[in-house]
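Okay, structure first, notes after.
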Amino acid sequence: QVQLVESGGGSVQAGGSLTLSCATSGRIFSSFALAWFRRAPGKEREFVAVSSGTNTYTNYADSVKGRFTISRGNAKNTVNLEMNSLKTEDTAVYYCAAGPLASDYADRYALWGQGTQVTVSS
């Protein structure tokens, strides 16, 4: 059974840092792209960052560039999202997604985690 499990969410003050992790199991190949999306209260789900299966390509939403860093674990079937200089507008449920190709579009990913809450207070 395929699973993606996020961890590392929590509450932090603006300007602080958090690191999210996503572990995959089952038929998630190390060659799959792993991405992070988020959904803020009352808003649509939005792309945050992606790492290709080869870990040679990464992409970020403009809103997080320079503050967030996506990285693959040594086993390649895990992905981390280091979030620095957090802002209140980063408050959202963060989801890990896996798919054969790196994309900014949520509908390109068939496999999703349950999400982890990140709350940034002022």
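Because the structure is predicted, anything quoted here is derived from the model rather than measured.
- S17 and N84 share a side-chain donor-acceptor pair at under 3.5 Å.
- Listed here is the closest heavy atom pair of L81 and W36: CB-NE1, 3.5 Å.
- At a threshold of 4.5 Å between non-hydrogen side-chain atoms, the residues W112 and L4 do not count as touching.
- The backbone N or O of T116 sits nowhere less than 3.5 Å from a side-chain atom of E6 that would complete a donor-acceptor pair.
- Put simply, CD on Q117 and OG1 on T91 are 7.0 Å apart, with the number rounded to the nearest 0.5 Å.
- Within a 6.0 Å sphere centred on CD of Q114, other residues, nucleotides and ligands contribute 12 heavy atoms or fewer.
- The local environment of OH in Y105 is sparse, with at most 12 non-hydrogen atoms from other residues, nucleotides or ligands closer than 6.0 Å.
- Judged by distance alone, the side chain of T119 and the main-chain N or O of S11 form no donor-acceptor pair under 3.5 Å.
- Taking all atoms of both residues into account, the shortest heavy-atom contact from I70 to L34 is CD1-O, 3.7 Å.
- Separation of atoms CG (D90) and CZ (F68) is listed at 4.0 Å; rounding is to 0.5 Å.
- Taking CZ of R45 as the start and OH of Y95 as the end, the distance is 8.0 Å to the nearest 0.5 Å.
- Within the model, atoms OG of S103 and CG of N59 stand 9.5 Å from one another, a figure rounded to the nearest 0.5 Å.
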Residue pair V79, C96: steps toward the side-chain contact (heavy atoms from CB on, under 4.5 Å) verdict: CA-CA 8 Å; V79 64; C96 178; 4.0 Å; yes
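- Ionic pairing of K65 and D62 is present here: one or more N-O contacts between side-chain nitrogen and carboxylate oxygen are shorter than 4.0 angstrom.
- V12 and V93 are not part of a single hydrophobic cluster, where members link through side-chain heavy atoms under 4.5 Å apart.
- Residue T78 comes nearest to A23 through the heavy atom pair CG2-CA, 4.1 Å, listed as atom of the first residue, atom of the second, then distance.
- If you take CZ on R67 and OH on Y60, they are separated by 12.5 Å, rounding to the nearest 0.5 Å.
- The ring of F37 has its center closer than 6.0 angstrom to the ring center of Y109.
- Summarising the geometry, atom CZ belonging to R108 is positioned 12.5 Å from atom CZ belonging to F47; distances are rounded to the nearest 0.5 Å.
- A salt bridge links E46 with R38; the closest basic N to acidic carboxylate O contact falls under 4.0 Å.
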CA sep, side-chain torsions, deciding dist, call: N80, T19, side chain to side chain donor-acceptor pair (under 3.5 Å): CA-CA 7 Å; N80 299 316; T19 297; over 6 Å; no
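- In this structure, V50 and A102 approach most closely via the heavy-atom pair CG2-CB, 3.8 Å.
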